[in-house]
Amino acid sequence: GLPHPGCKDPSHEVRFWRGVFGKIIPLLLPHNTYNSFQGHSRIIENGAIAIGSDLLSLRAMLPLTDLLSDPHFLNNIVVSLAAKPSDSASGTANAGSSSNSNGGAAGP
């Protein structure tokens, strides 16, 4: 299959996320918020949608997609999930149990 259009070029990726948030943000904005501006309510709402979609696209989703597509990051995640628990955690548990057993044996 063909790769997603957002994968071709960073400008395509920005356009994709702007389009996604351009559709989602109007669903999240209350419709009666701008009634006091009467004739300018649509302009203000469109401006809020544009600013919100740009902020979410450029400041949240682009860094997140860059991070999630970085092979070094993904490799580190897989390695950390597959790693055994650290020895320090088991060492403190053993030290606590050995001191209790020594304390019980040394008692009268």
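Scope of the values below: all heavy atoms of this structure, side chains included, with no hydrogens, waters or symmetry mates.
When all heavy atoms are compared, the tightest approach of Phe73 to Leu67 is CD2-O, 3.4 Å. Gly22 approaches Ser53 most closely through the heavy-atom pair N-CB, 4.0 Å.
The CG atom of Leu64 lies 15.0 Å from the CZ atom of Arg59; values are rounded to the nearest 0.5 Å. Thr65 contributes atom OG1, which lies 9.5 Å from atom CZ of Phe16 (distance to the nearest 0.5 angstrom). Summarising the geometry, atom CG belonging to Leu27 is positioned 9.0 Å from atom CD1 belonging to Ile49; distances are rounded to the nearest 0.5 Å. With values rounded to the nearest 0.5 angstrom, Ile51 atom CD1 is found 8.0 Å from Asp54 atom CG. Taking OG from Ser57 and CD from Glu13, the interatomic distance works out to 9.5 Å, rounded to the nearest 0.5 Å. In this structure, CD1 in Ile25 is found 11.5 Å from CZ in Arg18, a value given to the nearest 0.5 Å.
Leu28 and Leu55 fall into different hydrophobic clusters, where Ile, Leu, Val, Met, Phe, Trp and Tyr side chains are chained together by heavy-atom contacts under 4.5 Å. A continuous path of hydrophobic side-chain contacts links Phe21 to Leu68 [ILVMFWY only; heavy atoms under 4.5 Å].
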